Amino acid sequence: MLSYVKGPDATLLEMTIDEGFRRTVAAHGDGEALVVTQQKIRLTWSELDARVEATARGLTGLGLGAGDRVGIWSTNNAEWIYLQLATARLGVVLVNVNPAYRSYELRYVLGKSGMRALFLREKDARSDYRSILEEARGGLECALRDVIYFEHPTWEAFLAGGRDFARAVIGPEDIANIQYTSGTTGSPKGVLLTNRNLVNNGWLIGERLRMSAADRLCSPVPMYHCFGCVIASMMCFLTGTTLILPAPSFDALATLQAVHEERATSLYGVPTMFIAELQHPEFGRFDLTSLRTGVMAGAPCPIEVMRRVMDDMHCREISIAYGQTESSPVITLSHVDDPVEKRVSTVGDVLPCTEVKIVSTETGQAMAVGEVGELCARGYMVMRGYDANPEATAAAIDAEGWLHTGDLALMHADGSLGIRGRSKDMIIRGGENIYPREIEEFLYTHPAIADVSVFGLPDEKYGEIVCAWVRVKAGASLHEEEVVQFCQGRIAHFKVPRHVRMVDAFPMTVTGKLQKFKMRDAEVEARGLRKAAAVRTA
Ligand code: AMP
C-alpha cells in the first residue's frame, strides 16, 4: 500500500475573511468575542466589529486601500486583532513580523515587504522597539511612510484621522496576509496567503475540534505566527469561539490564571509552553477542569507531555496539529475522539480537502505505508507562493501543485501520520524555526570569524537549542562569550547560540561536505545530553 491519503470531501467556504467575520457578528453579536487580560479589554462580537470599523477608517485615513501592505511588529494585544480584521475588511495585506526580530532581520523585512505603514509598541520590558526600528531603517530605501505606536498618542491620532471607505471589491483568491518565516536560503521569506487559504483552514480546524460560540480559547501563542493568527484567531472569527489572550508574550502563570478565571474550554501551545505550565510551582493552585480540548503543535510533541496535558490539565480532547506556514498552516489534526494512544503518538489525520503523500527524498516516488520519506501536501491550503521569489516558490511547490514540506514523516496503515525529522537543515527551539544558514551568514559578518557551523542540540525544555562551532581567522582572537555578545540585539534572542565552541577544523566528508551530525554527537557526549536526545515524540 502506498503512502497516499486524501481527506474527506467538504464544501469549502467561498468567502473573504471579512465576510466570514461578519457572519459571526450577525449570528452572535452579543456573545463574548475577545478578552485581553493585560489590557483589561472585554468585547462582544458587535463591539469588536465597531473597533474593526474604526481601525479600517484609520487605515483609509493613511491613504491605504486594497493591495497595499501594512506591517505589524508586535507582541499580542487587542490592536493585533483589530488590525488583522480591519486590513481584511479593506483588502489591505497584513505583513506579520516576529516581535523577536532585531535590527538585522527587521531591516531585511522592511526592504523586501513593501509595507507602507508599520504598527508596533514603542517599548516593553524586554526591548526598545523604537530604537531598533531607527537602527533598521538607517539609510534604507523602502516604502515605509507611517509608523504608528500603540501606546503612544499616534494610535489615537491614527483613529482620529479616520475616513469613510467604500467596500473593497476583493474575493477569496486575493492575498490577505504575508507571514515571514525563516528561509532556508539564509533570509526570511514572505509566505503569501489568500483569504480562501486562511478562511478554510480556520474553519476546518474549528470543525474538527468541535469549536462553537460556547467555547472559550486561551491562546498564549504569538499572534505573528500562523498558530496565533490562523489556528487561534481565524478559527475564532469563523466559529464564534471567544478568544482569550492571557499576556503579551508567553507567561506560564498568566496562562494558567486565565484558564482558571475565564473558564477556558480550550488551550493552545507549543510543547515548551505546556511543559512550562505543568512544571510551574503554582500549577496546583488553578482549577483547570473547564478545559475540554486544545492544540499542541509547532515542534515535535513529546508523548509524555501529551499524556500529562490530558490527565493533569483535564484536556481530555487535546489534539496535535501538524503543518507549516506555507500550508496555511494545518495539514493534519487529530480528531477529538481518537483513541488516546493515537492522539498522543501521531500528528493525526489530514484535514478535509487535503491530500498527503510521503515520497522518497531520492527518487520522489511514493513510499510504502510505514516507510519514512518527505511529506508532500496538496489542496486549497497551499500558499500562493513566496513573495517576489519565483525560484523559491518553484522549489517548494511542484508542477502538480504538491507542497514539499521538507519534513520527514511516515504514514500509518490507518492514514494517520508521524513526524520523524527534517530533510532540510532546520532547528526548532520551543516552536521557533531557525535556519542555521541564516545565523551562519550573520556570524560571517564578524571580522574575526573565518568559518562557522550552526546546528541544533537536544534540550529537554526547548526541544532543541542552538550551538555554533567557530573558527577564527589567522592572527585574530575571539572568545566564546564575544560571539554571543555580537549576536545580542542584532538577531532574535532565540537564534543566539546557547553554546559556542572555538575549533580549528570541522568534521567533513572526503568531498568537503560538513558533517553536522558529528558535531552534534560530539556535543551530546561532551555536555551529557543523552537523556534529552532520547525523548519520544509523535
Ligand atoms: P512554521 O512554518 O513556523 O509553522 O513551522 C513549521 C514546521 O514546524 C514544520 O515544517 C515542522 O518541521 C514543524 N512542526 C510543526 N508542527 C509539528 C508537529 N506537530 N510535530 C513535529 N513538527 C512540527
Side-chain angles (χ1 to χ4, degrees), residues 96-98 100-101 177-184 188-193 197-198 201 205 221-232 234 268-274 294-303 305-306 309 318-334 338 342-351 356 358 372-377 381-383 386 392 396 403-410 416-436 438 456 458 462-464 492 494-495 535-538:
N96 303 5
V97 187
N98 187 338
Y101 274 11
N177 196 193
I178 301 181
Q179 299 178 14
Y180 272 85
T181 76
S182 283
T184 37
K189 284 181 289 197
V191 175
L192 299 169
L193 295 165
N197 286 148
L198 299 164
N201 207 245
I205 293 162
V221 300
M223 285 299 303
Y224 86 86
H225 186 261
C226 48
F227 203 166
C229 67
V230 188
I231 309 181
M234 194 63 63
Y268 284 4
V270 297
T272 311
M273 295 178 180
F274 283 104
V295 176
M296 192 185 294
C301 304
I303 294 175
V305 178
M306 278 293 285
V309 173
I318 179 90
S319 291
I320 294 182
Y322 159 78
Q324 57 182 201
T325 308
E326 288 85 341
S327 57
S328 295
V330 179
I331 297 171
T332 70
L333 181 63
S334 349
D338 278 337
K342 176 172 171 183
R343 243 171 329 113
V344 300
S345 62
T346 77
V347 295
D349 297 313
V350 281
L351 281 182
V356 163
I358 308 293
V372 175
E374 185 181 24
L375 191 151
C376 298
M381 76 300 167
V382 174
M383 64 169 173
Y386 293 114
L403 171 71
H404 291 250
T405 62
D407 288 315
L408 297 177
L410 61 77
S416 64
L417 289 131
I419 305 300
R420 291 294 176 269
R422 288 179 293 277
S423 63
K424 56 192 176 194
D425 190 12
M426 181 172 86
I427 301 168
I428 307 186
R429 178 192 176 278
E432 295 274 11
N433 297 358
I434 302 170
Y435 284 91
E438 188 185 349
Y462 290 107
E464 282 180 298
F494 59 86
K495 296 179 193 168
V535 171
R536 283 174 61 230
T537 57

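Computation of the quantities below employed the complete heavy-atom set of this structure, encompassing side-chain atoms and omitting hydrogens, waters and symmetry-equivalent molecules. All of these numbers come straight from a predicted model, not from anything done at the bench. Atoms within each ligand, like the ligands themselves, are counted from 1 in listed order.
Heavy-atom separations between Pro300 and ligand 1 include at least one value shorter than 4.0 Å. For Gln179, the heavy-atom gap to ligand 1 stays at 4.0 angstrom or more.
Among all protein heavy atoms, the one lying closest to atom 7 (C) of ligand 1 is Asn433 ND2, 3.7 Å. Looking only at heavy atoms of the protein, atom 10 (O) of ligand 1 is closest to Asp407 OD2, 2.5 Å. Looking only at heavy atoms of the protein, atom 2 (O) of ligand 1 is closest to Thr325 OG1, 2.6 Å. The closest protein non-hydrogen atom to atom 3 (O) of ligand 1 is His225 NE2, 2.8 Å. When only non-hydrogen protein atoms are considered, atom 19 (N) of ligand 1 lies nearest to Ala321 O, 2.8 Å. The shortest contact between atom 13 (C) of ligand 1 and any protein heavy atom is with Ile428 CD1, 3.4 Å.
Contact annotation: for Met296 versus ligand 1, there are no heavy atoms closer than 4.0 Å. Heavy atoms of Ala299 found under 4.0 angstrom from ligand 1 belong exclusively to the backbone. Contacts between Thr537 and ligand 1 below 4.0 angstrom, taking non-hydrogen atoms only, are absent altogether. The side chain of Ile419, and not its backbone, has at least one atom closer than 4.0 Å to an atom of ligand 1 (non-hydrogen atoms only; side chain from C-beta on).
Glu438 places a side-chain heavy atom less than 4.5 Å from the side chain of Pro188. Side-chain contact check for Pro300 versus Ile419: every heavy-atom pair is 4.5 Å or farther apart.
Against a heavy-atom cut-off of under 4.0 Å, Ile320 is close to the following atoms of ligand 1: 19 (N).
Residue-to-ligand polar distances place Gly298 within reach of ligand 1: an N/O pair is separated by less than 3.5 Å. Between Gln324 and ligand 1, a contact under 3.5 Å exists for at least one N or O pair.
The nearest non-hydrogen atom to atom 15 (C) of ligand 1, considering only Cys226, Ala297, Gly323, comes from Gly323.
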